[in-house]
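First up is the structure itself, then whatever we jot down about it.
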Number of protein chains: 2
Amino acid sequence: MLLSKSCVYGLRASIYLASKSDEEFNSIKEMSDKLEISFHFLTKILQQLTAESLMESYKGPKGGIRLTKKGREATLLDMVIAIDGPELFTQCALGLPGCGSATPCPLHESWIETRASIQGMLERTTLSELAREGKQNKFRLMADGSFNWD
Amino acid sequence: MLLSKSCVYGLRASIYLASKSDEEFNSIKEMSDKLEISFHFLTKILQQLTAESLMESYKGPKGGIRLTKKGREATLLDMVIAIDGPELFTQCALGLPGCGSATPCPLHESWIETRASIQGMLERTTLSELAREGKQNKFRLMADGSFNWD
DNA sequence: TCTATTTAAGAGTTTATTGTCTTAAATATA
DNA sequence: TATATTTAAGACAATAAACTCTTAAATAGA
């Protein structure tokens with residue numbers, strides 16, 4: 001798989017939160033239920049994103065989590081790098097440390113292009129814009145397509 | 001990572017074998033030494049490729065492994081699918097089973113293109129042709145670049 | 001101040017991937 | 001036929017990823 005499961009969970013949660021009000025803290029439990037992701041597992045992933053100031057959380061009753069301004073203006077690429085790390089966008093396709101334009105591996109040239117395509121897909125829009133598109137097109141965010149964008 | 005370690009080992013071994021004579025069986029031990037891949041681990045990966053008739057092996061002294069005709073005419077894509085399976089080229093980027101053009105996830109449209117780019121990179125040339133390019137350009141096949149194409 | 005609620009943190013479990021080691025089967029050659 | 005060599009197969013171990021469970025810390029509201 002291109003992205004780890006943790007990463008995919010983080011992206012789906014990011015898009016979920018982007019579809020919500022900027023000010024309100026959203027219950028993680030409610031989100032994990034709606035997205036059908038293990039609650040405790042999801043909290044750990046979200047903590048990686050709050051560590052990067054892409055999200056902020058609040059404890060106690062009425063507590064929850066929301067995107068920061070930085071997070072709303074960030075792209076999925078920022079989320080991916082925060083969770084899976086930058087390796088996908090820096091490493092050789094064959095994992096050869098010395099690979100570069102000087103002494104490339106057989107895939108090097110194509111991989112530069114393909115990698116740019118992956119990167120482009122992830123940084124095409126900000127999360128705010130993605131949420132707008134999502135509401136408009138009612139994009140799928142769950143296996144069974146039951147997510148409600150309103 | 002885009003490809004599993006097993007898969008990357010399989011690709012490097014495939015390119016290695018493509019650079020060798022069509023008839024001779026090549027020692028797996030020698031190949032694992034030259035590519036710096038664990039011998040026993042590599043044999044298991046190669047067995048997946050022989051199961052698909054992309055390679056054929058021979059036991060005993062003078063034994064070893066070589067690409068079949070099918071293998072030489074195959075592309076890296078065939079090797080990837082034999083080892084990592086076809087999921088990368090069939091699944092949704094967010095792993096959502098129901099995702100499709102009818103009710104796409106937010107990445108669906110871009111992912112179709114990006115996936116085609118990955119696939120294109122892997123099926124651009126046959127292994128025979130790749131070996132020819134490799135000899136010509138002395139492509140990197142090892143971390144330290146010490147592979148000898150002759 | 002006390003209690004209930006919610007996220008944070010950390011330990012522990014399960015599963016998949018990666019890697020090692022031993023034995024079996026095939027076969028060339030002495 | 002006996003031996004050495006090489007791949008096949010399977011058990012086992014280490015590591016990483018994915019997931020669960022328990023306790024701690026913060027805080028709203030009674």
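Residue numbers begin at 1 in each chain, while the letters A, B, ... track the order of the sequences. Keep in mind that the numbers below use all heavy atoms, side chains included, and drop hydrogens, waters and symmetry copies.
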For this session: Could you tell me whether Phe25(B) contacts a base, only the sugar-phosphate backbone, or nothing, with contacts defined as non-hydrogen atoms closer than 4.0 Å?
Result: nothing
Exercise. Would you say the ring centroid of Tyr16(A) lies under 6.0 angstrom from that of Phe147(A)?
Worked result: yes
Exercise. Quick one: Lys59(A) NZ to dG29(D) P, roughly how many Å, whole number?
Worked result: 18 Å
For this session: Find the distance Glu24(A):CD to dT6(C):C1' and express it as a whole number of Å.
Result: 16 Å
Exercise. Would you say a side-chain N or O of Tyr9(B) is under 4.0 Å from OP1 or OP2 of dG19(C)?
Worked result: yes
Problem set entry | Rounded interatomic separation in angstrom, taking CD1 from Ile45(B) and P from dA16(C) | 18 Å
Exercise. Got a donor-acceptor pair under 3.5 Å from the side chain of His40(B) to the base of dT18(C)?
Worked result: no
For this session: Give a yes/no answer on whether the side chain of Ser6(A) brings an N or O atom under 4.0 Å of OP1 or OP2 in dA17(D).
Result: no
For this session: Scan Thr43(A) against the nucleic acid and name what it touches under 4.0 Å (heavy atoms): base, sugar-phosphate only, or nothing.
Result: nothing
Exercise. Can you check the Lys5(A) NZ to dA17(D) P distance for me, whole Å?
Worked result: 14 Å
Exercise. Between the side chains of Arg140(B) and Thr103(A), does any donor sit under 3.5 Å from an acceptor?
Worked result: yes
Problem set entry | Given DNA chain D, 5'-ward residue of the pair Ile28(B) and Lys44(B), judged by closest heavy atom | Ile28(B)
Exercise. Under 4.5 Å between side-chain heavy atoms, hopping through other hydrophobics if needed: is there a path connecting Leu54(A) to Tyr58(A)?
Worked result: no
